[in-house]
Amino acid sequence: MKIYNSLNRRLEDFEPLNPEQVTIYSCGPTVYDYIHMGNARTALVTDIIRRYLLYKGYNVKLVQNLTDIDDKIIRRAAELGTSAKQLAHENSEAYFEDSQRLGIHLADVHPKATEHIQDMINLIQILIDKGAAYVIDGSIYYRVNAFAEYGKLSNRKPEDLLAGARVEVDERKENPRDFDMWKAAKPGEPSWDSPWGKGRPGWHIECSAMAMKHLGETIDIHAGGEDLLFPHHENEIAQSELATGNTFARYWMHVAFLKIDGKRMGKSEKNFIFLRDALDHYPTEVIRHFLISAHYRHPLDYNQESLTKSEGAIRRLNNCLDALKKYDRDIDLSEPMDAPLQHAVQEMKSQFTQAMDTDFNTAQALGAIFTLVSEVNKSLSTFDESETPVLAQAYQALTETCQVLGIYDTEIQDSATDNEAKIEPLVDLLLEVRQDARNRKDWETSDKIRDRLKELNVEIQDTPQGTTWKFLARS
RNA sequence: GGUGGCGUAGCCAAGUGGUAAGGCCAGGGCCUGCAAAGCUCUUAUUCGUCGGUUCGAUUCCGACCGCCACCUCCA
């Protein structure tokens with residue numbers, strides 16, 4: 001299994017530090033607003049990495065933080081006339097709601113910055129003691145020159161950082177590149193007590209402190225959006241590694257940006273889209289399919305056309321799985337068959353694994369899945385009773401892999417069926433009446449029943465084996 | 001100025017030193033009372049341009065053109 005490590009800009013073999021448990025830290029959202037599709041992309045990539053590692057048999061501990069105190073939260077709260085605490089709380093709840101609607105499983109721990117103030121203070125104190133930090137008017141700055149390897153992640157030389165910088169330099173700092181780990185409280189701002197007076201933590205220190213608290217001094221995988229590579233992740237490394245003397249994260253993964261209608265998505269451009277709004281228009285599986293239709297390190301453009309394409313692809317997948325579902329109970333793994341489809345099933349599994357093993361290439365993995373879908377449909381169209389056990393195997397293989405990607409949820413499918421079980425006899429009755437009409441060649445009545453049922457989200461299909469029907473997926 | 005990335009069919013998107021997965025759309029055919037679904041055929045002699053290395057490059061190297069990201073809070 002290989003992972004592209006931003007640290008070396010190379011594909012590297014993945015070997016967890018502790019074979020018993022893979023540790024992952026994912027930089028979560030700053031909860032000053034609902035999360036947008038870009039946040040969702042990063043969260044989804046993390047979710048799928050975890051699902052795949054579990055599929056491979058690893059134990060995984062995933063930690064994803066929520067930044068619940070920062071400048072943006074304070075500013076937004078002031079605008080809305082609420083408290084920073086209340087705003088952060090509401091948006092945290094909204095985050096869990098939205099991400100679960102996207103089928104993202106909860107992390108094992110979701111630490112919040114405001115609940116780890118003491119851990120951060122302890123870490124800052126260590127850095128002060130080691131001479132890597134200094135105090136100015138109650139604020140603590142990290143002395144970048146104290147860490148010889150500063151710049152190793154972003155591949156930047158100290159001189160380069162100064163060149164095109166358009167940032168206002170705080171003249172009080174020893175070096176313009178030094179960053180704050182603790183900000184002295186300004187009047188009216190939320191603050192916490194510290195050995196240096198009232199204040200609040202800087203952004204970078206929270207991830208260092210919370211990652212190490214919940215996962216140890218060295219973690220396997222650290223993930224986040226590509227924009228976090230510098231300075232956020234660079235600073236996390238500087239803080240953590242200088243404090244402990246150990247490697248902070250062994251594999252750094254960065255998810256590329258999502259664009260909207262070809263343009264950079266950003267709050268300032270006013271062209272961002274909230275995940276919850278997207279979920280109001282498209283089913284979970286469609287959005288997930290869209291988000292993984294390109295490799296995670298490549299830019300992806302959110303637009304209606306792309307989502308429509310994913311809708312089509314998911315429809316094709318669901319049609320196939322629906323048709324296959326009735327063979328599921330016929331599974332018989334004891335007797336290996338020599339059907340051509342059997343080979344296709346094995347081939348798909350191996351292609352899927354190979355794709356995911358190569359830096360989680362979900363686009364390629366989807367290719368493998370849809371190749372089997374094609375083979376299954378072919379097999380179904382020339383229906384042969386003897387292939388039934390193989391169809392069951394195909395169903396198993398497809399649902400298993402689709403669940404790693406989260407583009408097919410059997411539980412949701414089942415619960416939907418339970419809910420609607422009551423009206424099944426009614427639909428069957430209507431189909432009986434329709435069949436009578438068809439026998440009389442009363443196409444008007446027959447088509448009316450079909451059309452009216454379609455309006456009620458019941459789709460019927462006349463096949464050589466008789467008429468079948470199903471509920472259409474609701475978004 | 002520095003760092004990194006991208007340019008593959010109508011669209012989206014994988015991929016490989018030996019001749020291009022998959023999806024969407026479109027057109028023809030089969031099936032059907034008509035649909036739907038499915039099947040089937042057609043759709044890049046070619047992978048931004050120009051050079052180089054090689055028996056052979058879309059894949060490696062160089063130059064150029066175009067696009068983008070980061071260097072500032074941002075997933």
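Letters go in sequence order (proteins before strands), and every chain restarts at 1.
Taking a cutoff of 4.0 Å between a charged side-chain nitrogen and a carboxylate oxygen, A:K263 and A:D261 do not qualify as a salt bridge. Look at A:D451 and A:K454 and you find no salt bridge, because none of the NZ, NE, NH1 or NH2 atoms lies under 4.0 Å from a carboxylate O.
Aromatic ring centres of A:F96 and A:H110: separated by under 6.0 Å.
Residue-level contact check: A:I460 touches the bases, meaning some heavy atom is under 4.0 Å from a base atom. Using a 4.0 Å heavy-atom distance criterion, A:R10 is classed as making no nucleic acid contact. Note on A:A294: only backbone sugar-phosphate atoms sit closer than 4.0 angstrom, heavy atoms only; bases stay farther off. A:H289 comes within 4.0 angstrom of nothing in the nucleic acid, heavy atoms only. Residue contacts for A:I35: at a heavy-atom cut-off of 4.0 Å it reaches no nucleic acid atom on any strand shown. Residue-level contact check: A:G38 touches the bases, meaning some heavy atom is under 4.0 Å from a base atom. A:T42 comes within 4.0 angstrom of a nucleotide base, judged by non-hydrogen atoms across all strands.
Nucleotides B:G1 and B:G10 have their C1' atoms positioned 41 Å apart, rounded to a whole Å. Taking the P atom of each, B:U43 and B:G22 are spaced 14 Å apart, rounded to whole Å. Nucleotides B:U19 and B:U32 are separated by 41 Å at their P atoms, to the nearest Å. Nucleotides B:U58 and B:G18 have their C1' atoms positioned 12 Å apart, rounded to a whole Å. On the P atoms, B:A20 is 12 Å away from B:C47, given to the nearest whole Å.
Heavy atoms of other residues, nucleotides or ligands lying less than 6.0 angstrom from CD of A:E79 number more than 12.
For A:R156 and A:F230, the positive end sits near the middle of the six-membered ring, less than 6.0 Å away and at most 45° from its axis. The cationic atom of A:R297 (NZ for Lys, CZ for Arg) lies less than 6.0 Å from the six-membered ring centre of A:Y4 and within 45° of the ring axis.
The distance from atom CG of A:L366 to atom C1' of B:A14 is 10 Å, rounded to the nearest whole Å. One can place CD of A:Q364 at 20 Å from P of B:C12, the figure rounded to the nearest angstrom. Across the protein-nucleic acid pair, A:R438 atom CZ and B:A35 atom C1' stand 10 Å apart, rounded to whole Å. For A:H295 and B:G5, the NE2 to C1' distance is 13 Å, given to the nearest whole Å. Between A:N235 atom CG and B:C71 atom C1' there is a gap of 12 Å when expressed in whole angstrom units.
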Close N/O contacts between protein and nucleotides 65-68 of chain B (under 3.5 Å):
none

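B:G1 is paired with B:C71 under the criterion used here, namely a Watson-Crick or G-U wobble arrangement in which both key atom distances are under 3.5 Å. When both distances must be under 3.5 Å, the Watson-Crick or G-U wobble mate of B:U16 does not exist. The partner of B:C6 is B:G66, judged by Watson-Crick or G-U wobble contacts that both fall below 3.5 Å.
At a cut-off of 3.5 angstrom, counting only N and O atoms as typed in the model, there is a donor on one side and an acceptor on the other between the side-chain of A:D462 and the base of B:C34. You'll find a donor-acceptor pair under 3.5 Å spanning the side chain of A:D447 and the base of B:G33, going by distance alone. At a cut-off of 3.5 angstrom, the base of B:A75 holds at least one donor-acceptor pair with the side chain of A:H36. With hydrogens and angles left out, the side chain of A:S154 and the base of B:G4 share no donor-acceptor pair within 3.5 Å. Between the base of B:C34 and the side chain of A:R450 there is a donor-acceptor pair shorter than 3.5 Å.
Residues in residues 145-155 of chain A take part in these salt bridge (Lys or Arg N to Asp or Glu O under 4.0 Å) pairs, two or more places apart or across chains: A:E149-A:K152, A:K152-A:E241.
Among residues two or more places apart in sequence or in another chain, the ring pair (Phe, Tyr, Trp, His ring centres under 6.0 Å) test is passed with A:Y55 by A:Y52, A:F352.
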